[in-house]
Amino acid sequence: MYNKDMNKTLIKNITLIIVVALLLGSATFTVQAKNLKPNDSGWKLQWSDEFSGKELNEDVWTYDIGTGFSGWGNNELESYTDRKANVRVKNGNLVIHAKKEKYGLSHYTSGRLKTTNKKTFKYGKIEARMKVAGGNQPAVWPAFWMMGNDGLPWPACGELDIMEHANDRPYASGAIHWMARSTNMMYSGMFNNHVYKYPGGKSHGINAWHTYGIVWGANKIDWYVDDKVYFSANLYDSNADEFRDQFYLLLNLAISSNQTGYTGFTGPKKNFKSATMYVDYVRVYQNKDKSYKKAKPQKIVESNKLDTFALQFNKKDAAVRIRSYVYPDMNGKTISTNGLILGLKSFNGKDDTGITEKDLNVDNDEGFIKVFQNDSEDVENLELQEYTSATYFNTDLIFEDGLKNHKNAKYYVRPYAIMEDGQYLYGKVKVIDIKKLNK
């Protein structure tokens, strides 16, 4: 659930982080790190909630109440409550019911639970068996996920999404988001192969019972549905230390708006009435084979083959197009990302890449910051695999200052590549100073 716990304190007191990683490409994320699988032997149940009682166990779960800042960071429409109309335990299931109703300033209600400071976990096999009746409706957004329990604001705490689903998609997805403690750079491990496509399509999808889980080790996280692993993220990089710490669990059923990115900027239809998440159990296992808990982080390796530069600055709209590139080790072929466009005002019309305002997302209400996320990465990464020893190429970015005075804004950008052996190579951080570009 992207940007959920971002709040005003984060925006005012911490450098504003904008994700401009090329999130929606179809690159192959090759991982060399070994990990246990969900159906391996040796898994022993450490903790579970079977929801077998008559009441929610509040020694474990805490209710999130209200609308949060900016709709929990996602422009969600619902107000979360602790009412039995929205959250209850019945017939051996946790029941989270989202419904259309006037409640305070909201027109929808639902439930969101977390185990913050009550039950936290580090590594293991973590899974939930669940289904969502009415889950194939526009704007319905169930999630089973985790956040770092270190008290830091998002994204510094780290976020681990075990299962998310939106609208009538015939697939569920998993992802990680974090800010590296050593560099304050923002990362997201979410690519096109981060989805699990339901066999049989929508009719056997989110509305049917499935077991969603992860096998989380010190060097790798595997996502699975019904014991089938479909996505992996390599944590060899020393920048991924957030995921070597304690995390807490969350379960929620959100209603998105036409400003919610994960759901494709989709709001509920007028005839929406309700949707219901059923959770049979949540279980956490540890394995007698302790090797998956032994961290082997790599040091940051800088490479002069990776570089970043600003292609264009539009003074009228304070829009910057940024391109990162890599010099391959074969055939002299240069591979680069398409332009990343960032601006503080509306970016009107088309430029020479055919980008229109529809491609730009409002990422923050207060600053009207717009981010273009490129989805043509599949070509670039196929070329990388063909001509270089890299399997993935991406760009991380920090936006600093200029929320109220964009003339003083700075962009800190750095490209990186993931090599076939799992090593991360980084280009040097470059500063794009709007004040200098404005001259």
Within the 6.0 Å centroid threshold, strictly below: Trp47 and Phe121:
yes
Keeping the roles fixed (side chain from Trp72, backbone from Thr67), state whether a donor-acceptor pair exists under 3.5 Å.
yes
Output side-chain donor-acceptor pairs under 3.5 Å for residues 264-271, partner residues at least two apart or in another chain, one line each.
from: Thr266; atom 1: OG1; to: Thr263; atom 2: O; distance (Å): 2.9
from: Thr266; atom 1: OG1; to: Gly264; atom 2: O; distance (Å): 3.4

Check whether Asp150 reaches the backbone of Leu152 with its side chain - one donor and one acceptor, N or O, closer than 3.5 Å.
yes
Centroid separation His210 to Tyr198 less than 6.0 Å
yes
Which residues share a salt bridge (Lys or Arg N to Asp or Glu O under 4.0 Å) with Arg129, sequence neighbours left out
Asp280
Taking the six-membered ring for Trp, are Phe247 and Trp216 parallel (under 30°), tilted (30 to 60°) or perpendicular (over 60°)?
perpendicular
Does atom NZ (Lys288) have a neighbourhood of more than 12 heavy atoms from anything else shown, all under 6.0 Å?
no
Is the closest side-chain donor-acceptor distance between Glu78 and Ser110 under 3.5 Å?
no
Is the number of heavy atoms from other residues, nucleotides or ligands within 6.0 Å of NZ (Lys273) greater than 12?
no
Would you please indicate yes or no on a ring centroid separation below 6.0 angstrom for Phe231 and Trp223?
yes
Would you say that more than 12 heavy atoms from the other residues, nucleotides or ligands in this model lie under 6.0 Å from the CG of Leu45, or not?
yes
Does the cation-pi check pass for Lys197 over Tyr171, that is, NZ or CZ under 6.0 Å from the six-membered ring centre and within 45° of its axis?
no
Pair Tyr224-Thr211, side-chain hydrogen bond (donor to acceptor under 3.5 Å, both in side chains): steps then yes or no:
CA-CA 8 Å; Tyr224 64 88; Thr211 301; over 6 Å; no
Checking the side chain of Asn219 only, and the main-chain atoms of Lys294 only, is there a donor and an acceptor separated by less than 3.5 Å?
yes
Relative to the ring of Tyr123, is the ring of Tyr292 parallel (under 30°), tilted (30 to 60°) or perpendicular (over 60°)?
perpendicular
Can I get a per-line list of side-chain donor-acceptor pairs under 3.5 Å for residues 83-91, giving both atom names and the distance, sequence neighbours left out?
from: Arg83; atom 1: NE; to: Thr81; atom 2: OG1; distance (Å): 3.4
from: Arg83; atom 1: NE; to: Asn86; atom 2: OD1; distance (Å): 3.2
from: Arg83; atom 1: NH2; to: Asn86; atom 2: OD1; distance (Å): 2.8
from: Arg83; atom 1: NH2; to: Glu101; atom 2: OE2; distance (Å): 2.4
from: Arg83; atom 1: NH2; to: Thr109; atom 2: OG1; distance (Å): 3.4
from: Lys84; atom 1: NZ; to: Glu55; atom 2: OE1; distance (Å): 2.8
from: Asn86; atom 1: OD1; to: Thr81; atom 2: OG1; distance (Å): 2.6
from: Asn86; atom 1: ND2; to: His97; atom 2: O; distance (Å): 3.0
from: Asn86; atom 1: ND2; to: Thr109; atom 2: OG1; distance (Å): 2.9
from: Arg88; atom 1: NH1; to: Lys84; atom 2: O; distance (Å): 3.1

